[in-house]
2 protein chains.
Amino acid sequence: MLFIPVIVSVFAIIFAVFLIRQIRRAPRGSGKMIAISNYIREGAIAYLKRQSKSVAVVAFVLFLLLWVFLGFKIASGFLLGALFSAAAGFVGMMVSTQTNVRVAEAAKKGLPPTLDLAFRGGLVTGLLVVGLGLLSISGFYLLVQDLKPLIALGFGASLISLFARLGGGIYTKAADVGADLVGKIEKGIPEDDPRNPAVIADQVGDNVGDCAGMAADLFETYLVTMVAAMILGALIFPGESSIIQLPLFLGAVAILSFILASFLVKLKKNQSIVFTLYKGLIGSSLLSALGFIFVINNSVSSIDLSFWQLYVPALMGLVVAGGMFLITDYFTSKRYQPVRSIAEASTSGHATNIIQGLAVGLRSTALPVVLISFGILVSFWLGGMMGLAIAVVSMLSLAGMIVALDSYGPITDNASGIAEMAGLGKEIREVTDSLDAVGNTTKAVTKAYAITSAGLAALVLFSAYAQEIQALGVKMLFYLEDYKVLIGLFLGGLLPYLFASYAMTAVGKAGQKVVEEARRQFKEISGLMEGKGKPEYGKCVDIVTKAALKEMVKPALIPVAAPILVGFLLGPEALGGLLIGSVVTGIFVAISMTSGGAAWDNAKKYIEEGNLGGKGSFAHEAAITGDTVGDPYKDCAGPAINPMIKVLNIVALLIVGFLV
Amino acid sequence: MLFIPVIVSVFAIIFAVFLIRQIRRAPRGSGKMIAISNYIREGAIAYLKRQSKSVAVVAFVLFLLLWVFLGFKIASGFLLGALFSAAAGFVGMMVSTQTNVRVAEAAKKGLPPTLDLAFRGGLVTGLLVVGLGLLSISGFYLLVQDLKPLIALGFGASLISLFARLGGGIYTKAADVGADLVGKIEKGIPEDDPRNPAVIADQVGDNVGDCAGMAADLFETYLVTMVAAMILGALIFPGESSIIQLPLFLGAVAILSFILASFLVKLKKNQSIVFTLYKGLIGSSLLSALGFIFVINNSVSSIDLSFWQLYVPALMGLVVAGGMFLITDYFTSKRYQPVRSIAEASTSGHATNIIQGLAVGLRSTALPVVLISFGILVSFWLGGMMGLAIAVVSMLSLAGMIVALDSYGPITDNASGIAEMAGLGKEIREVTDSLDAVGNTTKAVTKAYAITSAGLAALVLFSAYAQEIQALGVKMLFYLEDYKVLIGLFLGGLLPYLFASYAMTAVGKAGQKVVEEARRQFKEISGLMEGKGKPEYGKCVDIVTKAALKEMVKPALIPVAAPILVGFLLGPEALGGLLIGSVVTGIFVAISMTSGGAAWDNAKKYIEEGNLGGKGSFAHEAAITGDTVGDPYKDCAGPAINPMIKVLNIVALLIVGFLV
């Protein structure tokens, strides 16, 4: 029976390969477009190579440590997770860099074929994330027939994801800020102008941050949640293979639903872009909900939970995922009050724009957290901790579609840039821009989705941690009256704050280096401003690559060092508190940053459409400030909190045996 | 024996009255200065009258509800707490408005007498806060010989404090933002220019926000912590009056130490202002530490805790308070790297100033939380929950001195304003400004101190809540594996975010009304810009008064409604989680806002001193943006979280009987 998820995931990967060949057949346009696209591609590959080298060193050391302390099986699980995670990000990004130029070319034929091609590019990444995810878990599980090494599998994926989100986030925002500061503000040339030496680095950033980073992030979320649910099943229902393997079958159903629903994403006449994307999500949810009936009905036969006790939580998972989509859309879309309130506040100046943006960010945490609490309440009430685990796994059934919808964002963003640099007409830019604006919201939705599932997965991991302590023969309850638990809660609550602070400073430092290099080139290369001299794009790419990798070390250490320090110095109770504390503040910090940042971005776009004075007005200037502040918020610090929380939890699970 | 704290607190109040008479004897300067000072005073009184009227309605309704549901004793405790809290704020503010003009006059004679008079004005507020605080608890306890009504006493104080912090915070920042936007930016006239119609409202704001609001806040912190420690003592050691009353005697020792140490605050030759203030704090700590030896030695004779098990926690309380002072000084003073890094980031523009300020704010939470955790660890390890309670009470022994150091801030701020408006010489302004800059840091320290003691007091209150449930005969542990506790943690974590968001929006809305009114006056009153027409100061004062009172309703409802809703809908476990959740996120939100805000403010001051381009430079413009963003952060949303957490906890304690 376990071959079914393996076969389904292989099928997803084959479908992805088929799509890649299809995309490759699409025309690439003129020679100039191809040249620019090659620059971007080379930069992206150069970055990922260098990142892989640095991360490989860390991974190898950890591999040896795990081997010595926990055995070869565990260590190999870790390596496998790291490799698959890197692969998902790498291939997804490669496809993205091949699709962008073709999307720019397709835009000559209008909106529907452009959306179609861009979505197909995103679809590849979505298929790879869930396909490789399910394949690695079910395949590895088939091979070792043991759950412990699966934790290490998750650890490998989380670690890569942490580096990818942090490094990619610092890269993309440093390049963005650097290119804007020197190009737009100091030299007064438009965005994506080929004279700007940092312009290619900026485009590369979209790929390594928004595409590779995001894919690794969702891959990690997928993997760790699945693993946590399986381990929990084994701890609550020892030996009941039908419930332990349930997540794998739910995953297989979800992949099939996702593939079927992907055919729904076609732009019909009189339909908006957002509605077209909604169709895919709704189709994916409904098909999954149907398929879950059979899978869950099949698995509860041998345990003392009824069908409804697991099926309703599964539906709750879908409801929470859908609800998060709607809520994030409300807080980050130009159509609603929050973004417009920021735009209006911009008319009074920079400070009021920032104050309103911060207020919107803070407020945007309320509904998601109420929704999550409701989901926890219903799932737990019906199916206990197992119910919650099933709800989170079910929530993940939308992961493929959400990654697909998200990845199409950087593809169209790049396509816009290529169109601009290659000097294509204005109407092409309009097509790509209209797709790009929706991409902002889908990006925010993905992040909210990722942090929500991360928060819930972390609760499942915490429960596995607590159960593991019980299984080791120690009776331990984590109660709030225990001062060690309280201290753990405070110290855990601190981690997202410290982490976010370092991530934000890192963007500033790396951005400063880009600014210096771009300024140098404008000064030293003669005829650059007149379009005669040729900027050294590679130098900027190189500098931001080095800076991003250097700056990501300090924040990346936090989630590895903290649980080890607290666990060994203050004991397992404090470590338990630390895990929950990091989730409690982490979810608020992350959502306020990702939604707030996207709202700032779209407030600027709203003004640029001609509202409240339009481009070049005082309000627009203030809105640019807000957008710049929102950048490290929404693309670096905020989303990186998700893998950080997960690494924390997994490290705790790995060391728990030494603590009690 | 219980008469001792009563006598000591009456002595403090008498000393305050003596100081008031002394201050009144100081010269008030020219007719113009007196006129301006009267304007400010009238505005402040008008605001407090109107605020009292609104709050009186709420208080009366609550008084009736408490009477019906919990009896007359409880209801009268509530009323008493509310009255004393209002009195501490009111009298303190009255003294402040009488001292300001005299400080402006004293500045003609140089720095030492100016500091002396300003500190004496602050001293009155400090004496009143701790004097009235100790008097109300010990007197009321002598009267009713029952602890339950003391909770209600704390509730009354917290409620007033919530309104005072919120209303005063919205007032002061709305007036500030409004005056700056129209005066400095639109009309290009200097700060505190008498032609600006909002200038008096701005000065009034310093008094109602920084003086009355802060005094009510610290009064509440003092009262609630004392009460929580006494109740906990009674729950852990039933009937042991020596331990139950211990907090009162510690308080009495602290007041005597404070009064003695206040004589140390004299500016000697070659001493810096900061050092002079440090002398008072260190003296107060050392004398308290000495006095505590006798009091604690006396009280442990009849219980199974040794002298060291309570004395070391008491010392820890002083260490935490002192440590908070040093940490906040580091993060908010112009002398150190954090503020300078914000100033340097300003040279790249508005956005980088904001990003760096946010990063500093986030990071400034780390050391305080580690220090608090260390304090909890040691105190708990030695003396259990009682140890923690004693540590918090001991921390409060510095409350008087901290209030005194804080209140001198708005006094000198006002003195600067009066000097400017009355057209006094530049050298006078220099004297008052140098005092004012130190005031920014002492203000930040007070807030960090208040939120720390609030966090710790909330833990004591939570423990009292948990013990109360046990005392009602229900066995209940709040463990993290319980989904209701988890949901409570999330919902509790949400409250500071929601509350801060509303508070920040409130400042924006009220500020907008001030802007409109000031613009109208400049347009309609002929000759205003030329200094011939007379601005209608009262209109602005009136408008901002109404707006502040209206806008404070929504956020003020949160901490009253949330525990009732969660308690009755989800049960006492979820309510317990809610209490801890609100402390965990609240402490981070509050510290990051108050320290971050002060750092922004001082970064601007650092540039204004001539660094990085000085006044009027591009960096200065960016720094002004940061300062404006920091204003609602540090003076409204951030500090109001302290009473909010306390109201939450006390409401929970009051309704717990109905829940189990």
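Quantities reported herein were computed from a predicted structural model and do not represent experimental measurements. All chains are named by letter (A, B, ...) in the order of the sequence lines, taking the proteins before the strands, and each is independently numbered beginning at 1. Computed from heavy atoms alone, side chains included, the values below leave out hydrogens, waters and symmetry copies.
Rounding to the nearest 0.5 Å gives a distance of 10.0 Å between CG of Leu456(A) and CG of Leu486(B). Separating the CD1 atom in Ile354(A) from the CD1 atom in Ile354(B) is a distance of 5.0 Å, to the nearest 0.5 Å. Distance OG/Ser348(B) to CD/Glu186(A): 9.0 Å, rounded to 0.5 Å. Rounding to the nearest 0.5 angstrom, the gap separating the CD atom in Gln356(B) from the OG atom in Ser501(A) is 8.0 Å. The CG atom of Leu494(B) sits 9.0 Å away from the CG atom of Leu367(A) when rounded to the nearest 0.5 Å.
Shown here for Thr628(B) and Ile355(A), the closest heavy-atom pair between the two residues is O-CD1, 3.7 Å. Looking at every heavy atom in both residues, Thr505(B) comes nearest to Ala359(A) through OG1-CB, 3.8 Å. Residues Ala500(B) and Leu362(A) come closest through the heavy atom pair CB-CD1, 4.0 Å. Taking both residues in full, the closest heavy atoms of Phe588(B) and Gly493(A) are given as CZ-C, 3.4 Å, listed atom of the first, atom of the second, then distance. Smallest separation of non-hydrogen atoms from Val369(A) and Phe490(B): CG1-O, 3.7 Å. Met476(B) approaches Glu481(A) most closely through the heavy-atom pair O-OE2, 4.0 Å.
The contact between Val485(A) and chain B is made entirely by side chain atoms (from C-beta outward), counting heavy-atom distances below 4.5 Å. Contact annotation for Phe374(A): neither backbone nor side-chain heavy atoms come within less than 4.5 Å of a heavy atom of chain B. Contact of Leu477(A) with chain B is made through backbone and side chain together, with heavy-atom distances under 4.5 Å. Residue Leu388(B): no heavy atom, backbone or side chain, is found under 4.5 Å from chain A. Ser341(A) does not touch chain B: none of its heavy atoms, backbone or side chain, sits under 4.5 Å away. There is no contact between Ile624(A) and chain B, counting heavy-atom distances below 4.5 Å. Of the two parts of Ser463(A), neither the backbone nor the side chain holds a non-hydrogen atom closer than 4.5 Å to a non-hydrogen atom of chain B. For Leu181(B), the part lying near chain A is the side chain, with the backbone staying farther off; criterion is any non-hydrogen pair under 4.5 Å. Of the two parts of Gln467(A), neither the backbone nor the side chain holds a non-hydrogen atom closer than 4.5 Å to a non-hydrogen atom of chain B. Proximity to chain B (any heavy atom under 4.5 Å) is shown, for Val515(A), by neither the backbone nor the side chain.
Taking Leu459(B), Val177(B), Val360(B) one by one and counting their heavy-atom pairs under 4.5 Å with chain A, the maximum is reached by Leu459(B). When the candidates Leu377(A), Leu498(A), Leu491(A), Thr352(A) are compared by the number of heavy-atom contacts under 4.5 Å with chain B, Leu377(A) comes out ahead. The candidate from Phe499(B), Tyr502(B), Phe478(B) with the greatest count of non-hydrogen atom pairs under 4.5 Å with chain A is Phe478(B).
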Side chain to side chain contact (heavy atoms under 4.5 Å, CB included) between Leu480(B) and Tyr479(A): does it pass, once the steps are laid out?
CA-CA 6 Å; Leu480(B) 293 178; Tyr479(A) 53 95; over 6 Å; no
Criterion ring pair (Phe, Tyr, Trp, His ring centres under 6.0 Å) on Phe380(B) and Tyr483(A), from CA distance to verdict:
CA-CA 7 Å; Phe380(B) 229 109; Tyr483(A) 71 104; 4.6 Å; yes
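Under a cut-off of 6.0 angstrom, the local environment of NZ in Lys184(B) is crowded, with over 12 non-hydrogen atoms contributed by other residues, nucleotides or ligands.
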